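To start, the structure itself, in structure tokens.
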Amino acid sequence: MQQEADKGLNAGSPEHAMPMEPRPDQQERPVGRMDPSESVTLFAIMFGVIGALVGLVAGMAFPSNSQAGVAILNCLIAMLAGGSAGIVAGGTVGATVAVFRGVRVPKERRQEGRSG
């Protein structure tokens, strides 16, 4: 008897409502697929950080015999050079991976209407 009363109370609650269907204007994105621009960006960031760290280590491993300010400047230049090289290499690798996976940039659909 208590179960029947509970059913009557919960009949109108949103928990028991039917699940909502996706709207027709929403496009489902396939799971595991990445936009090529995201691939390029992610690889560029990863390689850029790695390149900057390698540049920092190289700048510290080969110090100059001059003042401390010059040594810090050398480390900064090495970080910038390593980071730049990493970004370029990462962008290239990201684009290559996206092309080999067969991911294409979605084309923009234009509605051709008559003007005039």
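What you see is a predicted model, and the numbers here were worked out from it, not measured in a lab.
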*Any chance you could measure I72, atom CD1, to Q67, atom CD, to the nearest 0.5 Å?*
11.0 Å

*asked:* Testing the basics here: between G94 and S39, what is the closest heavy-atom pair and its distance to 0.1 Å?
replied: O-OG, 3.1 Å

*OG on S37 to CG on L42, rounded to 0.5 Å*: 9.0 Å

*Could you state the interatomic distance from CD1 (I87) to CZ (F43), rounded to the nearest 0.5 Å?*
15.0 Å

*Treat each ILVMFWY residue as a node, draw an edge where side-chain heavy atoms are under 4.5 Å apart, and state whether V40 and M46 are in one component.*
no

